[in-house]
**Student:** 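Structure provided below as C-alpha cells; questions to follow.
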Amino acid sequence: GNSVTQMEGPVTLSEEAFLTINCTYTATGYPSLFWYVQYPGEGLQLLLKATKADDKGSNKGFEATYRKETTSFHLEKGSVQVSDSAVYFCALSGGNTGNQFYFGTGTSLTVIP
Amino acid sequence: DAEITQSPRHKITETGRQVTLACHQTWNHNNMFWYRQDLGHGLRLIHYSYGVHDTNKGEVSDGYSVSRSNTEDLPLTLESAASSQTSVYFCASSSAGANVLTFGAGSRLTVL
C-alpha cells in the first residue's frame with residue numbers, strides 16, 4: 001500500500017541553524033512527492049513538490065530531492081528563521097493512488113531567536 | 001481570486017446533535033476532500049468526491065456523511081456528534097488529473 005513516514009517532532013532549532021526533516025515513503029507506481037506547511041491557525045499550503053525521480057523541489061530556501069533508490073524526500077534548509085516555525089507534512093499522490101493524497105503525521109518546528 | 005472557504009471556523013456542540021460543516025470552493029475543481037487533523041495522527045481522510053453526485057468513503061468515515069450536488073460545495077455532516085469527533089476539520093480540493101491540493105483554513109469542532 002501507500003504510506004508516508006516522517007521524523008517525529010517536535011524539533012527546536014536556533015535561528016540560522018541547518019534543518020533536516022526526514023521523510024520516507026512506500027508506494028506502487030511513480031507518485032509525486034510533496035511538502036506542505038501549516039502555520040499556526042491556518043490550513044496547509046504547498047511548500048514544494050517533485051514529480052519524478054531525481055527532481056529537486058525548492059521554495060523559500062527549502063529544498064527536497066526525490067530519491068527513488070532510498071524512497072526518500074527529505075526536507076532541508078540551510079539557515080532557518082523564526083518565521084519558519086510551523087508544522088511540516090510530507091505527502092505523496094499520483095502513481096497508483098489515483099487522485100488521493102497520503103500524508104505523514106507532521107513535524108512541528110520551532111525556531112528560537 | 002479563487003478560494004476555498006470553510007464555515008463555521010469554530011463550533012461547540014453537544015453530544016448527539018447533528019452538525020454540518022460547510023466547504024465552498026471557487027476553483028472549479030472536480031475533486032474535493034475532507035480530512036480531520038488530530039495530534040499524533042496527522043491528517044486522516046474522511047470522505048472525498050471526484051465530481052457532482054460522486055462520494056466515497058475514506059479511512060475514518062464512520063459517523064460522517066457528505067453529498068455533492070454541485071461543483072462548488074461539499075458539506076460534511078456529523079449525524080450524531082460524539083466526543084471522539086472533537087477535532088480540526090480541513091476541506092481541500094484539486095482539479096482532475098492535477099496533483100496539488102488546495103486547503104481551506106479549517107473548522108475547529110468541539111463536542112461536549
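Labels below follow one simple rule: chain letters A, B, ... track the order of the sequence lines, proteins then strands, and each chain is numbered from 1.
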**Student:** Please check if B:Y89 and A:V87 belong to a single hydrophobic cluster, counting links between Ile, Leu, Val, Met, Phe, Trp and Tyr side chain heavy atoms closer than 4.5 Å.
**Tutor:**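 In one cluster with B:Y89: A:V87, no.
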
**Student:** Roughly how far, to the nearest 0.5 Å, is the OG1 atom of A:T105 from the CG atom of B:D38?
**Tutor:**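 It comes to 12.0 Å.
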
**Student:** In the single-linkage hydrophobic clustering (I, L, V, M, F, W, Y; side-chain heavy atoms under 4.5 Å), do B:L21 and B:F33 co-cluster?
**Tutor:**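 Not linked; separate clusters.
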
**Student:** Does A:E16 CD have over 12 foreign heavy atoms under 6.0 Å away?
**Tutor:**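 Atom CD in A:E16 is not crowded, with 12 or fewer foreign heavy atoms closer than 6.0 Å.
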
**Student:** Do B:L74 and B:F90 share a hydrophobic cluster (ILVMFWY, side-chain heavy atoms under 4.5 Å, transitive)?
**Tutor:**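 Different clusters.
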
**Student:** Which atoms of B:L45 come close to chain A, meaning under 4.5 Å heavy atom to heavy atom: side chain ones, backbone ones, both, or neither?
**Tutor:**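 Looking at B:L45, just its side chain touches chain A.
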
**Student:** With a strict 4.5 Å heavy-atom criterion, list every residue of residues 34-60 of chain A that contacts chain B, or say none.
**Tutor:**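 At a heavy-atom separation under 4.5 Å, chain B is reached by A:F34, A:Y36, A:Q38, A:G41, A:E42, A:G43, A:L44, A:L46, A:K49.
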
**Student:** Quick check: are there more than 12 heavy atoms from other residues, nucleotides or ligands sitting under 6.0 Å from CG of B:L39?
**Tutor:**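 No, because the 6.0 Å sphere around CG of B:L39 holds 12 heavy atoms or fewer from other groups.
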
**Student:** How many angstroms lie between atom CD of B:Q37 and atom CZ of A:F103, to the nearest 0.5 angstrom?
**Tutor:**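 Between B:Q37 CD and A:F103 CZ, I get 10.0 Å after rounding to 0.5 Å.
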
**Student:** Say whether B:Y35 and B:I46 are linked into one hydrophobic cluster, either directly or through other cluster members, by side-chain heavy-atom distances under 4.5 angstrom.
**Tutor:**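 No, no single cluster joins them.
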
**Student:** Given heavy-atom pairs under 4.5 angstrom as the criterion, report whether the side chain, backbone, both or neither of B:R44 touches chain A.
**Tutor:**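 B:R44 has no heavy atom closer than 4.5 Å to chain A.
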
**Student:** Above 12 or not: heavy atoms from other molecules or residues under 6.0 Å from CD of A:E15?
**Tutor:**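 Counting other residues, nucleotides and ligands, CD of A:E15 exceeds 12 neighbours.
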
